[in-house]
There are 2 protein chains.
Amino acid sequence: MNDAFYIAVGTELLNFRVNLYSPVFSQKLMRLGFNLKGEITACDELKSIIDALNFASKRADLIIISGGLGPTFDDLTREAVSKFLNINIIYSKEVEHFLLDKNCDISKPNIKNQCYVLESARLIKNDNGTAFGEVISTGKKCFVILPGPRNEWESMWPDVKNIVLKEFQLPEIYNRVIRFADISEVSLENILRPIMQKSNELRYTVLAGPNSCDFSITHNNKRLVDSVVDEIKGLTNEYIYGYDDDTIEGVVGKMLSEKGRNLSIAESCTGGLVSSMITDVSGSSRYYIGGINAYSNEIKERILNVKKETLEKYGAVSEQTAKEMSENVRTIFKTDYSVSITGIAGPDGGSIEKPVGLVFFGMSDKDKTIVEKRTFIKKDRLSIKKAASNTALYFLYKMIKS
Amino acid sequence: MNDAFYIAVGTELLNFRVNLYSPVFSQKLMRLGFNLKGEITACDELKSIIDALNFASKRADLIIISGGLGPTFDDLTREAVSKFLNINIIYSKEVEHFLLDKNCDISKPNIKNQCYVLESARLIKNDNGTAFGEVISTGKKCFVILPGPRNEWESMWPDVKNIVLKEFQLPEIYNRVIRFADISEVSLENILRPIMQKSNELRYTVLAGPNSCDFSITHNNKRLVDSVVDEIKGLTNEYIYGYDDDTIEGVVGKMLSEKGRNLSIAESCTGGLVSSMITDVSGSSRYYIGGINAYSNEIKERILNVKKETLEKYGAVSEQTAKEMSENVRTIFKTDYSVSITGIAGPDGGSIEKPVGLVFFGMSDKDKTIVEKRTFIKKDRLSIKKAASNTALYFLYKMIKS
């Protein structure tokens, strides 16, 4: 596998904003047969970007640079590449036409600036912005220069991919990701070890998330990868909720959409996060009707109609309360499905019988209610909220699927 | 200002996990008088870490390294520093005693591994884990080696700070951050330009967030910084919700807590995100009672009692609906305060009169209801949800404060 290096340009990425792109580029590069060897964040200074180019180009054949292509004085990526590779910057009529077609006012100096490109670059059109992508090949090294915003560079990726595959004369690499929930990384590896040890041709990686796991398999032989995916599916099907770019909220939403069914949610310890995840999906108003965040016991009783005796006898964090929460929210909101979550997110409020991290889940449809219990140990408040939310949606997925 | 460089060690940071720490270290370093010049993420290979050390130490005086100090075979940071600086690794009785005191079983090889440290390092005790921090000084360069998990290195930071200040014989730098909401970066800079131009002794930075802005002022003269903060406060007080590490959800929670008042929330387009933010704060059950996510119009009408005529005449995304949502959720949940949010998160569902990004907010207490309208343009669905949620909490803050 060839090595790639990623350079993120922008002082703001050092001081304020988190750079979210390394794993995104890594996944995309893996599918091209490249291993992301390292990443440098350079500040908006010419020397800093040139230093990064120098470092990266000694350690990888493919260098991806994002950011610093905008129209302002501190956008220096193009100039840095020009100096580093000793390539002129020229005025591009192609970019000018593109901008004029978009009704950009190129009499403004900062818009006009966007028309300057590296002399030998292959240009990649930007459907979501004004800065073109540029690809420069120098013998065996390939520099891919992309604008910073994800929606801009992501729409250019198909072109980048084609150029890079040709440039390095590579067969296309085939990658599948299997998405698991409610199984630990260790348990998953124990189940899959025999498969992983059978072949050292394939490249496997595992990523553990909040009560979830992604398992990635890569090779240029599609048939080989697919057969391994099938084999894994046979062993672990009950924990799989999706593949590749699937998210649990997307998969649940798609199932509800396709079945023409709808959903309500009753949350306590997750405090609205499950509903927020469900509504992150565009079009979720087709199947998500609404929900109740019943943070206090009074609301559980008065609005969600959980019996006073249940709360007194078993407590708010109990199988019985979770059951009533999900059954009642489904009745109140008149939905086909419902899910409820009640637990202890911490850091306070735990006891020996009911420790921080203990969460009960209720899932109801017209025929039945299922209650599940999980304990997320050694996690902070936000991680418990996230793990519990993922798990609630996974249990819901299982109920809808069955 | 001296330069610092940050090295993050871990293959997972390239392939799967996002490294969230650069801005956190940057803020901490700024308070010590250091400017974060760049960041490298190195994979778990000896050569990769040594390369990063070499690059960083040529460009900065202070090098912070996090990760790769654990007990497994791919934790190579200590070995890399040892090779790079030509310093022996020795067995530390101090660490051994510490681990024995914690009832760690040092007969296990991977626990015993943790007892090995760099020969000339100053050790920093880890209250939340087993790997000690290590600080190495070599003439003018200082290498600070920290474990990966934030709760581990953050608890060591006071010790790191003291060592670094002594090592570089620095006066402590004083930094204040003023947190603004509902004002754009450009408007804020226009108001503050006269102040910023008055003195080039102070260092200013601005970060724009989702309908929020953080303004940071740094200098070693506390009195100078404080006087500028006062001056800024005088000009912009209406947009300020907090300082330094304050969050809008934390500030709202603290005010409610101190006043002994409680809160309910009715959400439409934010789908539960405002409630989730409020419940991210530990202890929020003292003041957050609960809320209704009324995603469908039917629920707005049937559960939140928004009048059918209101929905028909003005629509769900309207001043009138926002007003009724906040008044009714306050009545239903019997709380002192309430906030409501209804808008168009997109990407579909917009029109010329009501574009994607249009959001109405209602804030109620026993005396009154205030309705505000904002349009968050050119943002994607998740950014609109986040900007609207920040804004809702800011409006609530203003109502509680007044």
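Throughout, protein chains are lettered first and strands after them, A, B, ... in sequence-line order, and every chain is numbered starting at 1. Since the model is a prediction, treat every value here as computed from it, not as a measurement.
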Using non-hydrogen atoms only, which part of A/Leu13 is less than 4.5 Å away from chain B: side chain, backbone, both, or neither? backbone
Just verifying a value: how many Å separate B/Phe333 CZ and A/Tyr295 OH, rounded to the nearest 0.5 Å? 14.0 Å
Tell me which of these, A/Ser282, A/Ala294, A/Pro347, has more heavy-atom pairs under 4.5 Å with chain B than the rest. A/Ser282
Non-hydrogen side-chain atoms of B/Phe55 and A/Ile40 separated by less than 4.5 Å: yes
So, taking the atom named NZ in B/Lys37 and the one named OG1 in A/Thr41, what distance separates them when rounded to the nearest 0.5 Å? 14.0 Å
Region of A/Asp348 in contact with chain B, defined by heavy-atom distances below 4.5 Å: side chain
Are B/Asp380 and A/Asn151 close enough that some pair of their side-chain heavy atoms sits under 4.5 Å apart? no
Side chains of B/Ser284 and A/Arg381: closer than 4.5 Å at any heavy-atom pair? yes
Qualifying residue, where the test is side chain to side chain contact (heavy atoms under 4.5 Å, CB included) with A/Ser276 and the options are B/Thr270, B/Leu273, B/Asn293: B/Leu273
Give me the atom names and distance for the closest heavy-atom approach of B/Gly272 to A/Ser275. CA-CB, 4.4 Å
Using a cut-off of under 4.5 Å for heavy-atom pairs, which of B/Glu45, B/Gln27, B/Arg59, B/Lys58 has the most such pairs with chain A? B/Arg59
With only heavy atoms counted, which part of A/Val281 is less than 4.5 Å from chain B, the side chain, the backbone, both or neither? backbone
Where on B/Lys385 is there a heavy atom nearer than 4.5 Å to chain A: the side chain, the backbone, both, or neither? side chain
Under 4.5 Å to a heavy atom of chain A? For B/Thr11 that would be neither
With only heavy atoms counted, which part of B/Lys300 is less than 4.5 Å from chain A, the side chain, the backbone, both or neither? neither
Residues in residues 46-54 of chain A near chain B [non-hydrogen atoms, under 4.5 Å]: A/Ser48, A/Asp51, A/Ala52
Highest number of heavy-atom pairs under 4.5 Å with chain B among A/Leu36, A/Ile7, A/Asn297 belongs to A/Leu36
Name the region of A/Glu12, side chain, backbone, both or neither, that has any atom closer than 4.5 Å to a heavy atom of chain B. neither
Contact origin within A/Ser264 toward chain B - heavy atom pairs under 4.5 Å: neither
For chain B, the option from A/Gly349, A/Ala8, A/Gly290, A/Gly271 that forms the most heavy-atom pairs under 4.5 Å: A/Gly271
So which part of A/Ile303 gets closer than 4.5 Å to some heavy atom of chain B, the side chain, the backbone, both or neither? side chain
What part of B/Leu20 gets within 4.5 angstrom of chain A, counting heavy atoms only: side chain, backbone, both, or neither? both
Closest-packed option against chain B by number of heavy-atom pairs under 4.5 Å, given A/Ser389, A/Ser268, A/Ser285: A/Ser285
What distance do B/Ser296 atom OG and A/Lys334 atom NZ have between them, rounded to the nearest 0.5 Å? 11.0 Å
With only heavy atoms counted, which part of A/Ile299 is less than 4.5 Å from chain B, the side chain, the backbone, both or neither? side chain
Can you find a pair of side-chain heavy atoms, one from B/Ser22 and one from A/Val18, that are under 4.5 Å apart? no
Which answer fits B/Ile289, side chain, backbone, both or neither, if we ask what part of it has an atom under 4.5 Å from a heavy atom of chain A? both
